[in-house]
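None of these values were measured; they are calculated from a predicted model. Start at 1 and go down the list; that is how both ligands and their atoms are numbered.
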Amino acid sequence: MSADPASAETPAGAPAGRPWWKDAVVYQIYPRSFLDTNGDGVGDLPGITAKLDYLKALGVDVVWLSPHFDSPNADNGYDIRDYRKVMAQFGTMADFDAMLAGMTARGIRLIIDLVVNHSSDEHAWFVESRKSRDNPYRDYYIWRDGKDGGPPNNYHAFFGGPAWTLDEGSGQYYLHYFAAKQPDLNWENPKVREEVHDLMRFWLDKGVSGFRMDVIPFISKQPGLPDLTAEERRAPQFVYAAGPKLHDYLREMRQEVLGRYDTMTVGEAFGLRPDQARDMIDSRRRELDLVINFDIVRMDIDGWRKTTWALPRLKALYTQLDQAAGPFGWNTAFLSNHDNPRSVSHFGDDDPGWVERSAKTVNTLILTQRGTPFLYQGEELGMTNYPFQTLDDFDDLEVAGRWRDVKHRVSEEEYLTNARAMGRDNARTPMQWTDGPNGGFTTGKPWLPVNPNAAAINAQEQAKRPDSVLAHTRALIAFRRGSIDLREGDYRDIDPDHDQVFAYRRGEGLLVLLNFGRETVRYALPDSLVIEGPAFGTAEIDGQTVTLAGWTSVILAVRDT
Ligand code: TEU
Ligand code: CA
């Protein structure tokens with residue numbers, strides 16, 4: 001192995017050079033909520049095509065598109081009925097091709113969502129599978145006889161109730177980790193794996209550059225499907241993600257499909273601890289390239305309950321993830337997506353007086369970490385959580401499903417407080433393009449209401465203002481592109497215990513300072529550090545002391561004495 005850290009990341013036998021996805025900034029689009037062009041209240045693919053210049057100006061390199069496939073939408077497209085068809089509400093295959101061509105013309109790559117732990121129960125495979133015990137598709141899914149007049153084991157579904165549903169016709173139960181309309185595929189069956197490889201090739205041959213893989217650690221089931229212990233039932237994902245065949249399936253996928261194209265793959269690491277996730281992305285093992293870790297976004301989550309978090313804990317997680325990735329892994333940096341609350345509301349301060357400064361600071365954190373940053377639509381504007389009033393205001397099946405599970409022992413008020421803080425619909429309200437009706441998202445009735453703060457927080461207004469969150473985010477993406485220290489440099493937290501300032505070195509030349517609170521902080525740097533001046537942003541510097549106003553951030557050029 002060479003001593004040069006850059007070449008140490010290239011395993012023997014792999015193409016030399018740094019993979020493009022390490023230097024990319026990724027932007028996630030939730031198509032249902034991006035832009036509606038035909039007034040039916042649902043975002044669509046032509047809406048994405050219409051905004052490609054906006055994405056180009058923002059400076060992102062890759063779009064991750066949440067599922068755009070034919071689906072009955074029990075879980076907004078994460079229940080796929082036909083993997084080769086575009087969801088009619090979103091448009092046609094011609095619309096998809098036009099969108100992809102528009103991206104390619106602008107130098108933007110597209111990765112799509114691969115949701116193959118489960119399909120929809122309306123998928124032709126499942127329609128066949130449930131017909132009878134001897135149907136040729138029976139073994140595409142996981143069917144078992146019941147036990148003692150109930151389900152085969154005590155697995156619980158993430159969206160409420162048991163993870164087994166009885167099919168009256170054939171008298172057996174099928175397994176579904178999520179909703180009953182999302183039956184789990186049987187990866188033990190080589191035909192299932194071939195079908196998945198085929199559909200991957202279908203989209204790769206169209207020109208997509210890779211996949212974000214939904215709950216990919218769950219594809220290998222526990223042998224014999226034993227009952228969970230009481231302890232395991234509190235967080236079953238750690239059992240579901242620990243199936244023995246996961247790595248075999250991923251290596252096979254790389255060999256059969258991915259290795260033959262120039263791709264980027266990012267696995268959703270739900271249920272994996274950092275050291276287990278590292279195994280999926282160790283470049284020597286030839287499985288996936290990147291993972292979406294849950295450690296940070298779910299650090300203050302206990303089931304449906306939100307607990308609290310503190311800055312030193314957040315810092316410790318960043319250091320842990322960085323160390324876990326090691327020389328053969330590469331991290332992602334993100335603070336929200338379509339399953340989590342808005343980052344400025346969760347990690348920042350969404351009070352109208354602070355939201356703008358705070359969103360800039362949160363976005364600075366995302367864009368200055370070591371790893372590939374993922375921004376979620378609206379994050380570049382500092383979009384906030386939605387003021388939900390009642391449980392009926394939520395569209396997401398997770399809110400209702402979990403409520404059914406706990407309503408006999410939890411007050412509605414307590415449940416609502418938690419759903420307001422953590423509910424997935426916070427991130428799913430439509431993009432706020434203008435201060436006009438429905439934030440410019442639709443001329444019709446939006447499928448989920450637009451946040452009333454669209455009058456104050458919207459792209460049109462921010463595009464005109466040089467000190468907006470949008471302008472800051474755009475400038476920072478450009479700065480990152482030009483900075484070897486940010487893209488490649490190592491990561492060192494210089495003050496892990498400070499409870500308001502996050503201070504870290506990137507490479508030899510940069511120090512990032514983030515003030516995670518409203519109080520102004522006079523922050524003293526060690527004498528061993530020479531401050532050459534701000535590299536991005538401004539700050540009042542007096543000798544070794546940097547004054548950081550509430551919720552502000554700065555990147556300093558520094559060197560060691
Ligand atoms: O999510 C994985 C997942 O299980 C959690 O993130 C989910 O939001 C919930 O909290 C589980 O308790 C992926 C998708 O991102 C999500 O949108 C889908 O609903 C889910 O898988 C099923 O496909
Ligand atoms: Ca539409």
Using distance alone, with no hydrogens and no angle criterion, decide if [X] and [Y] have a side-chain donor and acceptor under 3.5 Å apart.
X	Y	result
Ser71	Asp79	yes
Arg420	Asn426	no
Trp21	Ser209	no
Thr37	Asp44	yes

Ion pair check, [X] and [Y], cut-off under 4.0 Å:
X	Y	result
Lys22	Asp289	no
Asp405	Arg402	no
Asp75	Arg424	yes
Asp214	Arg212	yes

Within-shell test, Tyr177 vs ligand 1, heavy atom, strictly < 4.0 Å: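 Contact absent.
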Has Met422 got any heavy atom lying under 4.0 angstrom from an atom of ligand 1? no
Below a 4.0 angstrom heavy-atom separation, can you tell me which part of Arg212, side chain or backbone, both or neither, approaches ligand 1? side chain
Protein contact to [atom] [nearest heavy atom, distance to 0.1 Å]:
atom	answer
atom 23 (O) of ligand 1	Asp214 OD2, 2.8 Å
atom 11 (C) of ligand 1	Glu398 OE2, 3.4 Å
atom 19 (O) of ligand 1	Asp75 OD2, 2.5 Å
atom 15 (O) of ligand 1	Asp339 OD2, 2.4 Å
atom 20 (C) of ligand 1	Phe178 CE2, 3.8 Å

Could you list the atoms of ligand 1 found under 4.0 angstrom from a heavy atom of [X]?
X	value
Arg424	7 (C), 8 (O), 16 (C), 17 (O), 18 (C), 19 (O)
Arg428	17 (O)
His118	22 (C), 23 (O)
Arg402	10 (O), 11 (C), 12 (O)
Glu268	1 (O), 2 (C), 6 (O), 13 (C), 15 (O)
Phe270	3 (C), 4 (O)
Phe294	6 (O)
Val215	2 (C), 21 (O)

Got a sec, which pairs hit salt bridge (Lys or Arg N to Asp or Glu O under 4.0 Å) with one end in residues 180-196, sequence neighbours left out?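 Listed once each, the pairs are Asp121-Lys181, Glu122-Lys181, Asp184-Lys221, Glu188-Lys245, Arg193-Glu252.
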Taking the six-membered ring of Trp164 (Phe, Tyr or Trp), confirm whether the NZ or CZ of Arg144 is under 6.0 Å from its centre and within 45° of its axis. no
Can you list everything that forms a side chain to side chain contact (heavy atoms under 4.5 Å, CB included) with Asp300? Sequence neighbours excluded, please.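 Scan of Asp300 (side chain to side chain contact (heavy atoms under 4.5 Å, CB included), adjacent residues dropped) gives Lys306, Thr307, Trp309, His346.
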Between Asp113 and Tyr78, is a side-chain hydrogen bond (donor to acceptor under 3.5 Å, both in side chains) present by the stated rule, with each step listed? CA-CA 9 Å; Asp113 228 300; Tyr78 284 90; 2.8 Å; yes
Is any protein N, O or S atom closer than 3.0 Å to the Ca ion (ligand 2), and if so, which? Asp36 OD1, Asn38 OD1, Asp40 OD1, Val42 O, Asp44 OD2
Step by step, would you call Arg201 with Asp198 a salt bridge (charged side-chain N to carboxylate O under 4.0 Å, His left out)? CA-CA 5 Å; Arg201 288 187 200 104; Asp198 264 4; 2.8 Å; yes
Throw together a table of side-chain donor-acceptor distances under 3.5 angstrom for residues 436-445, partners on residues two or more places apart or in other chains.
| from | atom 1 | to | atom 2 | distance (Å) |
| --- | --- | --- | --- | --- |
| Asn438 | ND2 | Gly444 | O | 3.0 |
| Thr442 | OG1 | Asp36 | OD2 | 2.5 |
| Thr442 | OG1 | Gly444 | N | 2.9 |

